[in-house]
Amino acid sequence: MRDRIVAGLTSIVGATDVLVDSDLRRTYETDWTGRFSGTCTAVVRTSSTREVAEVVRFCNSESVDIIAQGGNTGLVGGGVPRSSSDRPSIVLSLCRMNSIRDLDTAAAQVTAEAGTTLSEWRDHARASGLDTPVDFAARDSATIGGAIATNAGGSRVLRYGTMRQQVLGIEAVLGNGEVVGSLSGLPKETVGLNWPSVLAGSEGTAAIVTSARLRLVPRYDQTITALVSVANIGAAVELLGQLRKSVSSLDAVEVIEPAAMDLVAEHLDVEQPVRASQVGTYMLIDCAGHNDPSSELADAMAAANGVIDAAIATEGPPRERLLAFRDRITEAIATRAQRIGLPPLKLDVAVPLNALGQLLEIAQQAADDDGALLVPFGHLAEGNIHLNYLGATNLDQVTETVLTKVAEMGGTISAEHGIGIAKSRWLHLIRSPGDLAAQRAVRRVLDPNGILNPGVLTPDA
Ligand SMILES: Cc1cc2nc3c(=O)[nH]c(=O)nc-3n(C[C@H](O)[C@H](O)[C@H](O)COP(=O)(O)OP(=O)(O)OC[C@H]3O[C@@H](n4cnc5c(N)ncnc54)[C@H](O)[C@@H]3O)c2cc1C
């Protein structure tokens, strides 16, 4: 059976791109956090949509499961093989498909293959005086396909929305091997189901994304970043309101709780740039415009209560140093987790802004009950907090407690990372039985044999 599968895949993509050796497969079989891993028959690296379609058709005929993978930076276990499965599986890596073409300045659009990284997309846009609307710390590895499949967010959602809003056209291979979609990128078209909407957030369960027509945005040369300490989370929300009212160039408003600030300062071996006593929380505010945003930002900060201290930088290394306090947190958490010898538990949730204080209290109580260290940070503007538990031992109990409360608060159990394997058991907290049944039915139509990422997203009935 195994030999027949390998021979069939080799006849489609060639022997060099069918990795069967366990040493070669290893990095594809374990996720970024080290929490999720499994074994696959082979890693298959396709180079074209035609090859993807042929691989999907072959896997249908042999009942082989397919786990699509981009940069393998996903944080919910959806991009690596399942640890317990009685069917053979392959990891289908899109990383060789990374060409970018047809940048149209007037339309502010570009076409990128699924394996293009966010950095490659950004560099290509910037070379033409434009920029990309989605950005986050995993930019050098995370891919367009992965970002669409997880409906990724990041820091610029406040201004431009999530990945779903950036996809003007898509090309994808359905679970039955059919190629669907269009890359024409027409902003206005009403002809039935819209594939970008259907597939954004589908986490590799309905189709394999092979290319996308993507929106670009203006490149601003006047930037300013402020790292601000405030008295408490309520003061942070009040300042957010002031910023929204008066700073037209607002690009990102992030929240960094003191535990995250301490951890990243230790990881980078640097002093915290703002005064630390009596701090309730920290905010990272990023502005970018054609005009200098400094005075708008200063006025908004002066009008808010509870601001304790601020460090401000406009460009170059001083600004990079401030941005590192946001961009390097996930890495700092992973480093500490490695030292402890336990993978971190990551709960990516969002609640209405007025419930953030309550969420943080509940999350802290869950950490105390488990004896874990809680490291929260996130995207304040969307009420999106990443609750990272270090040294947690009863992961299911902590997850159950926190996600149940989040649902009761009218929040979501996944703001931007997806449901994956990690949270599929809790999807019922925010989706009705009828909703889940409809989602399963759609999935069955697009992937009749259920070979695309089984176990991910919608739990089994
Ligand atoms: C340091 C760090 C910071 C991060 N910050 C953020 C953040 O701010 N915001 C955010 O949203 N996420 C963040 N993430 C999470 C992660 O980077 C995103 O989920 C990203 O979109 C995953 O892209 P990927 O190419 O690595 O996908 P993978 O990890 O390879 O896969 C993720 C999921 O997408 C599916 N998939 C991948 N490619 C395809 C394809 N071509 N077609 C169909 N399905 C596919 C996989 O099957 C899997 O279910 C961060 C991760 C790290 C490590």
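We count ligands from 1, going down the list as the structure has it; atoms in each ligand are counted the same way.
- Distances between N or O atoms of N72 and those of ligand 1 include at least one value under 3.5 Å.
- Looking only at atom types and distance, the side chain of D102 has no donor-acceptor partner in the side chain of T111 under 3.5 Å away.
- Residue contacts with ligand 1: I67 is excluded, as none of its non-hydrogen atoms falls under 4.0 Å.
- If you check the side chains of Y282 and E254, you find no donor sitting under 3.5 Å from an acceptor.
- The two atoms that bring I67 and G78 nearest to each other are CG2-O, 3.8 Å, heavy atoms only.
- Protein heavy atom in closest approach to atom 38 (N) of ligand 1: G146 N, 3.5 Å.
- A salt bridge is defined here as a Lys NZ or Arg NE, NH1 or NH2 lying under 4.0 Å from an Asp or Glu carboxylate O, and D123 with R126 fails to meet this definition.
- Residue G153 has at least one heavy-atom neighbour below 4.0 Å for each of these atoms of ligand 1: 10 (C), 11 (O).
- Only the side chain of H379 comes within contact range of ligand 1, with a heavy atom under 4.0 Å; no backbone atom does.
- Contacts between T73 and ligand 1 below 4.0 angstrom, taking non-hydrogen atoms only, involve backbone and side chain alike.
- A perpendicular orientation is assigned to the rings of H379 and H386, their planes being inclined by more than 60° (bins at 30° and 60°).
- Numbered from 1 in the order shown, with element, the atoms of ligand 1 that lie under 4.0 Å from a heavy atom of G71 read 24 (P), 25 (O), 26 (O), 30 (O).
- Distances between N or O atoms of L75 and those of ligand 1 include no value under 3.5 Å.
- Taking a cut-off of under 4.0 Å to the non-hydrogen atoms of A114, the atoms of ligand 1 that pass are 41 (N).
- Among protein heavy atoms, atom 21 (O) of ligand 1 sits closest to T150 OG1, 3.0 Å.
- Here's the thing with A68: one of its N/O atoms is less than 3.5 angstrom from an N/O atom of ligand 1.
- Between the side chains of N453 and R443, no donor-acceptor pair of N or O atoms lies under 3.5 Å.
- Between T143 and ligand 1, at least one pair of N/O atoms sits closer than 3.5 Å.
- Taking a cut-off of under 4.0 Å to the non-hydrogen atoms of N453, the atoms of ligand 1 that pass are 47 (O), 49 (O).
- Taking every non-hydrogen atom of L94 and a distance limit under 4.0 Å, the qualifying atoms of ligand 1 come out as 41 (N).
- Contacts with ligand 1 closer than 4.0 Å are made by side-chain heavy atoms of A149 only, the backbone lying farther away.
- Judged by distance alone, the side chains of T162 and N151 do bring a donor and an acceptor atom under 3.5 Å apart.
- The single protein non-hydrogen atom nearest to atom 31 (O) of ligand 1 is G79 CA, 4.3 Å, given as residue, atom name and distance.
- Counting the atoms of ligand 1 from 1 in the order shown, those under 4.0 Å from a heavy atom of A152 are 11 (O), 21 (O).
- In this structure, K423 and L403 have side chains that are in contact, with non-hydrogen atoms separated by less than 4.5 Å.
- A donor and an acceptor atom, one from each side chain of N72 and D31, are nowhere located under 3.5 Å apart.
- Considering backbone and side-chain N/O of V209, one or more are found under 3.5 Å from N/O of ligand 1.
- Of the N or O atoms in T330, none lie within a sub-3.5 Å distance of an N or O in ligand 1.
- None of R215, Q109, R213 except one satisfies the side-chain hydrogen bond (donor to acceptor under 3.5 Å, both in side chains) rule with Q166; the exception is R215.
- Atom NZ of K405 has 12 or fewer heavy atoms from other residues, nucleotides or ligands within 6.0 Å.
- Checking only distances, H386 never comes within under 3.5 Å of ligand 1, N or O to N or O.
- The minimum heavy-atom distance linking A125 with T132 is given by the pair CB-CG2, 4.1 Å.
- In the vicinity of G70, heavy-atom distances shorter than 4.0 Å reach the ligand 1 atoms 25 (O), 28 (P), 30 (O), 37 (C), 38 (N).
- Short contacts between ligand 1 and A207, defined as distances under 4.0 Å to a heavy atom of the residue, involve ligand atoms 43 (C).
- Using 4.0 Å as the threshold, E331 has no heavy atom nearer than that to any atom of ligand 1.
- For a threshold of 3.5 Å applied to N or O pairs, the pair formed by G74 and ligand 1 contains at least one separation below that value.
- Within a 6.0 Å sphere centred on CD of E315, heavy atoms belonging to other residues, nucleotides or ligands number 12 at most.
- Protein heavy atom in closest approach to atom 10 (C) of ligand 1: E416 CD, 3.5 Å.
- If you check the side chains of S99 and E113, you find a donor sitting under 3.5 Å from an acceptor.
- The shortest non-hydrogen separation linking T210 to V173 is CG2-CG2, 4.1 Å.
- In terms of protein heavy-atom proximity, atom 12 (N) of ligand 1 is nearest to H417 CD2, 3.5 Å.
- Polar contact check, A138 against ligand 1: no nitrogen or oxygen pair lies under 3.5 Å apart.
- Of the protein's non-hydrogen atoms, F136 CD1, 4.0 Å is the one closest to atom 4 (C) of ligand 1.
- When only modelled atom types and interatomic distance are considered, S197 and R164 share no side-chain donor-acceptor pair under 3.5 Å.
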